[in-house]
Number of protein chains: 2
Amino acid sequence: MKACGTERLKTKAEFRRAADVFKALSNPSRVMIVNALADGEHCVAELTALVQLDISTVSNHLSVLRSVGIVTDERRGTQVFYTLRKPCLMNLFCCLDDFHSNEK
Amino acid sequence: MKACGTERLKTKAEFRRAADVFKALSNPSRVMIVNALADGEHCVAELTALVQLDISTVSNHLSVLRSVGIVTDERRGTQVFYTLRKPCLMNLFCCLDDFHSNEK
DNA sequence: ATGATACTTTGCCATTTTGCCAAATATGTC
DNA sequence: GACATATTTGGCAAAATGGCAAAGTATCAT
């Protein structure tokens, strides 16, 4: 377990990889999904109801999140349940709260 | 001081705002810049040397970061120094480290 | 094996965004 | 005024985006 803030990125690949993770989070629907998963797993149908888009669209959003390791999926019967892989992601959201009070 | 992970986003505007912050971080050069600023302030020329792009390009990257509140600038003489506004951003980077060990 | 349910993948699309530079424009110093 | 530093603007080709519909896949029940 590393102490936070002590490690820095170094290689070009690391910068790109970090950027990719952020890019996966750069869409409101995907943020909404991640936010929902913070409370526990949800199946695709539930998430579809949440974001109010076509299920194929939601599935695509989920695959974006999965491709960078933000979520995992687990099939149970005909349903597929998605889970947040990293609790730390929520600290990150918490951190964002502070950004609201920005003028300038 | 709120406990992390207890607050959730709610409104459409909040989701969009969070997404915008992530989008600002979705570029390798900008991640590189933020990473550098974690060690302390730097002027534009220094950051330009770091990322090896035209100074106008770097200035644009900085304005993206500034527009979402990630950095602040302070003019001193002819130079402009940039600073990370939120230390919590580095925890966020730390969190990303764990993502490296992803297969699937 | 037929059908139903739940999800994924693919193809397609118009539109938007990106990332970069060069040139022009501040802004401050000497 | 000349110089140094940084920002803004305009332009551009290329890439990414976000959405849906249709077709495909997997699992279960009858």
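For clarity, every value in this text was computed on a predicted model and none was experimentally measured. The sequence lines fix the lettering, A, B, ..., with proteins before strands; numbering per chain opens at 1.
Remark: A:Cys43, A:Val44, A:Ala45 in residues 42-54 of chain A come within less than 4.0 Å of DNA chain C through at least one heavy atom.
Heavy-atom minimum distance, A:Arg16 versus B:Pro28: CG-CG, 3.9 Å. Across B:Leu53 and B:Ser29, no two heavy atoms sit closer than the pair CD1-OG, 3.8 Å. Heavy-atom minimum distance, B:Cys43 versus B:Gln79: SG-NE2, 3.6 Å. Contact detail for A:Leu65 and A:Ala24: the closest heavy-atom pair is CD2-O, 3.7 Å.
Remark: A:Arg66 fails to qualify as a cation-pi partner of A:Tyr82 under the 6.0 Å distance and 45° angle criteria applied to the six-membered ring.
Identified under the side chain to side chain donor-acceptor pair (under 3.5 Å) test for residues 50-61 of chain A, with sequence neighbours left out: A:Arg30-A:His61, A:Asp54-A:Ser56.
Read 5' to 3', the first and last nucleotides of DNA chain D with an atom closer than 4.0 Å to a heavy atom of chain A are D:dT17 to D:dC28.
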### Query
With the sugar-phosphate defined as primed atoms, P, OP1 and OP2, and the base as all remaining atoms, what B/S/- string results for nucleotides 24-30 of chain C, 5' to 3', for protein heavy atoms under 4.0 Å?
---BSS-
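When rounded to the nearest whole Å, the span between CD1 of A:Ile55 and C1' of C:dT5 equals 10 Å. One atom, CZ of B:Arg30, and another, C1' of C:dT17, lie 11 Å apart when rounded to the nearest Å. If you take NE2 of A:His61 and P of C:dC7, they are 16 Å apart, rounded to a whole angstrom. Here the C1' atom of nucleotide C:dT18 and the NZ atom of B:Lys23 are 10 Å apart, to the nearest Å. One interatomic measurement links the two molecules: CD of A:Gln79 to C1' of C:dC7, which rounds to 10 Å at whole-angstrom precision. Atom C1' of nucleotide C:dT10 and atom CG of A:Asn60 are separated by 9 Å, given to the nearest angstrom.
Connection of A:Leu62 to A:Phe81 is not established within any shared hydrophobic cluster, with ILVMFWY side chains joined at heavy-atom distances below 4.5 Å, either directly or through further cluster members.
Considering only side-chain N and O atoms, A:Tyr82 lies under 4.0 angstrom from the phosphate OP1 or OP2 of C:dT8. The phosphate of C:dC7 (OP1 or OP2) has no side-chain N or O of A:Ser59 nearer than 4.0 angstrom.
With values rounded to the nearest 0.5 angstrom, A:Glu41 atom CD is found 10.5 Å from A:Thr72 atom OG1.
Taking 4.5 Å as the limit, every side-chain heavy atom of A:Val71 sits out of range of all side-chain heavy atoms of A:Thr83. Counting heavy atoms from C-beta on, the side chains of A:Met32 and A:Leu50 come closer than 4.5 Å.
Across the interface with DNA chain D, nearest-nucleotide mapping of A:Ser56 and B:Ser63 shows B:Ser63 to be the residue nearer the 5′ end.
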### Residue pair A:Leu47, A:Leu37: steps toward the side chain to side chain contact (heavy atoms under 4.5 Å, CB included) verdict
CA-CA 9 Å; A:Leu47 296 171; A:Leu37 294 179; 4.3 Å; yes
#### Entry: A:Val68 vs A:Leu25, side chain to side chain contact (heavy atoms under 4.5 Å, CB included): CA-CA, chis, key distance, verdict
CA-CA 10 Å; A:Val68 298; A:Leu25 291 167; over 6 Å; no
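Here the side chain of B:Asn27 is nearest to one of C:dG19, C:dC20, C:dC7, namely C:dG19.
An angle of 30°, rounded to 10°, separates the two end axes of the helix from C:dA1-D:dT30 to C:dC30-D:dG1, each defined over five pairs.
Put simply, the side chain of A:Arg17 never gets that close to the backbone of A:Ala19: no donor and acceptor are under 3.5 Å apart.
Applying the salt bridge (charged side-chain N to carboxylate O under 4.0 Å, His left out) rule to B:Glu46 yields no partners; only residues at least two apart in sequence or on another chain are considered.
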